[in-house]
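Numbering starts at 1 and runs along the sequence shown.
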Amino acid sequence: MKPALNRPRRGIPLRTVIPNAVTALALCTGLTGVRFAIAAAAPGGDVANWEKALWCIVAAAVLDGMDGRIARRLNGQSRFGAELDSLSDVIAFGVSPAIILHLWSLQNVPRFGWIFALAYAVCAALRLARFNAAIDTEDQPHKSAGFLTGVPAPAGAGLLLLPIYLWVASGQQWNWLREFWLVAPWAALIAFLMISSVATYSWGSLRLRRHVRLGAIVVIALLGAALLSAPWETLSVAAIIYALMVPFSMVAYAKIRQQRAAAVRQPVPGSDAAPL
């Protein structure tokens with residue numbers, strides 16, 4: 001008896017498993033940062049655990065940037081992978097940074113500090129829910145212009161942890177960075193930027209000209225070397241630069257909106273419409 005040639009194959013293709021495994025690894029890595037933060041905040045805890053907690057969030061961000069590219073390379077995109085990626089982002093860049101910041105500073109004012117930590121985590125979830133709701137929407141003005149709506153979750157986590165970067169970079173000497181009056185408003189600001197409609201630059205839409213590609217490679221290599229030799233200073237500078245770029249992205253998108261509006265108001269060539 002001859003086997004059926006058109007028998008459907010059972011199981012899940014390996015090309016869809018690999019990117020989802022990377023996403024799950026990002027979730028686990030981000031959540032492991034909470035474990036190190038708990039160990040650091042415990043009585044007699046090792047201060048070095050704060051650095052390990054931060055490294056976990058950084059590693060989760062790297063993995064989060066890899067899973068989508070791996071899926072596209074392997075042609076393994078799926079709706080399941082998109083949903084898993086959002087759930088991973090909520091944990092790795094919403095819940096975990098909020099708990100780390102709470103254990104580092106906000107717990108000094110337990111009742112109100114926890115509210116600010118919750119606010120950030122909830123705003124991260126709302127930002128990702130909004131992204132999922134609009135993923136199949138064709139009319140996305142920000143996306144069509146090469147911008148994002150609000151601060152993305154990984155960038156939000158990096159901005160939220162900026163006070164800890166600076167504190168570690170100072171050799172744990174700048175304890176004023178742990179004050180509630182400074183950390184709580186900062187957390188509220190980042191939470192607002194994540195759910196806002198502010199246009200922010202999308203790195204995926206950037207296109208380098210041929211004559212600057214070599215220079216860009218050199219800059220990236222130097223940034224990698226700086227991240228290895230002086231990680232917390234480098235991350236601090238990167239977070240500050242990103243924060244300072246938000247107003248410029250708003251101005252750039254406003255100019256694009258004006259250009260689009262002017263193009264719509266212009267009469268079509270050859271039409272009989274009289275100028276106003």
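- Contacts of Gln259 classified as side-chain contact (heavy atoms from CB on, under 4.5 Å), with partners at least two apart in sequence or in another chain: none.
- The side chain to side chain donor-acceptor pair (under 3.5 Å) pairs that include a residue from residues 27-49 number zero, where partners must be two or more places apart or lie in different chains.
- Not counting sequence neighbours, the partners of Ala124 by the side-chain contact (heavy atoms from CB on, under 4.5 Å) test are Met194.
- Between Ser202 and Phe147, the closest side-chain pair of non-hydrogen atoms is not below 4.5 Å.
- Between Pro152 and Arg127, the shortest heavy-atom distance links the atoms CA-NE, 3.3 Å.
- Using a 4.5 Å heavy-atom cutoff, the side chains of Leu160 and Tyr120 are in contact.
- A donor-acceptor pair under 3.5 Å is formed between the side chain of Asn108 and the backbone N or O of Ser105.
- Evaluation of the side-chain hydrogen bond (donor to acceptor under 3.5 Å, both in side chains) rule for Thr23 yields Asp67 as partners, not counting sequence neighbours.
- Ring centroid separation for the pair Trp55 and Trp50 does not come in under the 6.0 Å cut-off.
- The CD1 atom of Ile240 lies 14.0 Å from the CE atom of Met245; values are rounded to the nearest 0.5 Å.
- More than 12 heavy atoms of other residues, nucleotides or ligands sit less than 6.0 Å from atom CZ of Phe180.
- Within the structure, side chain to side chain donor-acceptor pair (under 3.5 Å) pairs that include any residue of residues 161-170 comprise Trp167-Asn175 (at least two apart or interchain).
- Using a distance-only test at 3.5 Å, with no hydrogens or angles considered, no donor-acceptor pair links the side chain of Ser96 to the main chain of Phe93.
- Residues passing the salt bridge (charged side-chain N to carboxylate O under 4.0 Å, His left out) test with Glu179, sequence neighbours excluded: none.
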